[in-house]
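First up is the structure itself, then whatever we jot down about it.
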Amino acid sequence: MISKKMEGLVKGSSVIRAMFEEGKQMAAKYGAENVFDFSLGNPNVAAPAEVNEAIMDIVKNTDSVKLHGYMSNVGHDEVRETIAQSLNKKYGTSYGKENIIMTVGAAGGLNVALKAILNPGDEVIAFAPYFGEYNNYVSNFDGKVVVVSPDTETFQPNIAEFEQKITNKTTCVIINSPNNPTGVIYSEDTLKKVGEILEKKQKEFGTVIYLITDEPYRELAYDGAIVPWVPKYYRNTIVGYSYSKSLSLPGERIGYLVIPHEADDFGNLVAAAGVATRILGFVNAPSIMQLVIGKCIDAATDISYYDRNRNTLYEGLIKLGFTCQKPEGAFYLFMKSPIEDEKEFANMAKTYTILLVPGSTFMCPGFVRIAYCVSYETVVNSLPKFAQLAEELGVKRDGSF
Ligand SMILES: Cc1ncc(COP(=O)(O)O)c(C=O)c1O
């Protein structure tokens with residue numbers, strides 16, 4: 001018998017993953033070129049060549065114990081130091097290896113951070129729309145997610161509602177920018193306000209509230225947009241980073257947490273994160289991938305590829321009369337459903353072999369997410385299908401298409 005908790009989780013298993021499987025079945029039936037699978041955030045751009053070269057070089061030239069053995073739960077010292085120095089160069093900080101904990105991707109990092117700080121019944125605030133897995137991660141440690149409703153005009157956090165929802169049980173707030181699913185980058189102004197409110201509420205309740213900033217898309221920002229460094233705006237920030245998207249390595253499971261010196265209870269927090277890494281069963285992040293990151297600290301993916309998809313998709317959809325905001329980062333576009341029930345809309349899209357993820361998966365019904373980390377041909381060839389869908393729904397074009 002599986003546990004009661006898992007029974008519920010198996011039943012409500014990931015909509016996105018289910019669509020990914022459905023997409024594979026549809027590709028087998030209709031031919032991959034005739035299926036427009038925008039469901040999963042699985043990068044289509046190849047990992048940089050230097051990453052693959054580094055893997056081979058490291059495997060060939062590293063002592064076996066160093067390469068394959070256990071190391072400290074928080075990761076290889078020199079890799080953590082390299083990451084710290086790279087952050088210092090970019091953000092003018094003064095981190096050292098003691099601030100960096102290597103993790104099994106962003107998902108592993110979030111679970112480690114939540115394990116370190118949550119007591120049962122603690123409240124975790126998240127701003128809709130957000131990555132639905134946060135609900136599961138928080139539930140892993142018997143916390144409770146408190147959702148701040150979306151501002152569907154700007155998709156910046158709804159600050160007034162946020163302030164009202166903080167209680168003496170709020171242990172942490174999770175943000176994600178560039179955002180999945182909207183592609184919005186949280187502005188400096190937003191982050192300043194979030195930081196000020198959290199400082200005020202900590203004083204009011206005599207509590208510590210951590211701000212976890214989940215940043216797997218930090219490097220994916222377009223048109224020169226700046227992604228602000230969140231710890232600048234709030235002392236009790238924990239940064240979660242991942243190379244899944246920025247280096248196209250989602251299957252390799254590698255990322256890190258940053259815990260700044262100025263965070264409350266710094267020493268215990270770092271110790272707890274190390275122990276959490278061990279007892280959650282990760283033990284440590286994959287050794288070879290840590291060494292690869294140490295060697296490829298300045299490697300970058302080719303974001304011009306996503307940028308071309310972004311422009312073509314956005315302009316195409318707008319011309320067809322759909323409503324959406326132009327994404328500033330990540331590789332998602334969040335489009336308003338032309339009919340009230342976005343699940344029904346996603347089902348209609350499926351009849352044109354277009355796979356879209358309903359916004360309710362991100363606690364934001366009425367919208368659908370389009371993951372454009374696909375081939376350019378997929379984007380271009382999907383537009384006539386979107387046109388047919390628009391036609392069926394009577395979506396009014398702006399006349400310029
Ligand atoms: C917002 C967000 N956080 C975390 C993750 C998990 O990323 P990782 O593969 O690094 O665990 C994802 C993956 O899509 C994501 O979109």
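Counting starts at 1 for both ligands and their atoms, in listed order.
No donor-acceptor contact under 3.5 angstrom links the side chains of Lys201 and Asn168, judged on distance only.
Residue contacts with ligand 1, taken as heavy atom pairs separated by less than 4.0 Å, involve Arg253 solely via side-chain atoms from C-beta onward. Residue Tyr243 does not touch ligand 1, judged by heavy-atom distances below 4.0 Å.
Below 4.0 Å from some heavy atom of Asn180 lie the following atoms of ligand 1, by number and element: 1 (C), 15 (C), 16 (O). Every atom of ligand 1 is numbered from 1 in the order shown, and the set under 4.0 Å from a heavy atom of Ser244 is 8 (P), 9 (O), 10 (O). Interface of Asn176 with ligand 1, defined as ligand atoms under 4.0 Å from a residue heavy atom, comprises 1 (C).
For atom 7 (O) of ligand 1, the closest heavy atom belonging to the protein is Ala106 CB, 3.7 Å. For atom 13 (C) of ligand 1, the closest non-hydrogen atom of the protein is Lys245 NZ, 3.4 Å. Nearest protein heavy-atom contact of atom 1 (C) of ligand 1 is Asp214 OD2, 3.3 Å.
Of all the listed residues (Ser242, Gly41, Ala107, Gly132), Ser242 holds the heavy atom that lies closest to atom 10 (O) of ligand 1.
When ring centroids are compared, Tyr217 and Tyr332 come within the 6.0 Å threshold. Tyr372 and Tyr306 have their aromatic ring centers separated by at least 6.0 angstrom.
Aromatic ring pairs are classed by plane angle as parallel below 30°, tilted from 30° to 60° and perpendicular above 60°; the pair Tyr134 and Tyr137 is tilted.
Only one option out of Phe155, Tyr186, Phe127 pairs with Asn179 in a side-chain contact (heavy atoms from CB on, under 4.5 Å); it is Tyr186.
The closest approach between Pro216 and ligand 1 falls below 4.0 Å for a heavy atom of the residue.
Remark: Lys385 is not positioned above the aromatic ring of Tyr352, lacking an NZ or CZ atom under 6.0 angstrom from the ring centre and at most 45 degrees off the axis.
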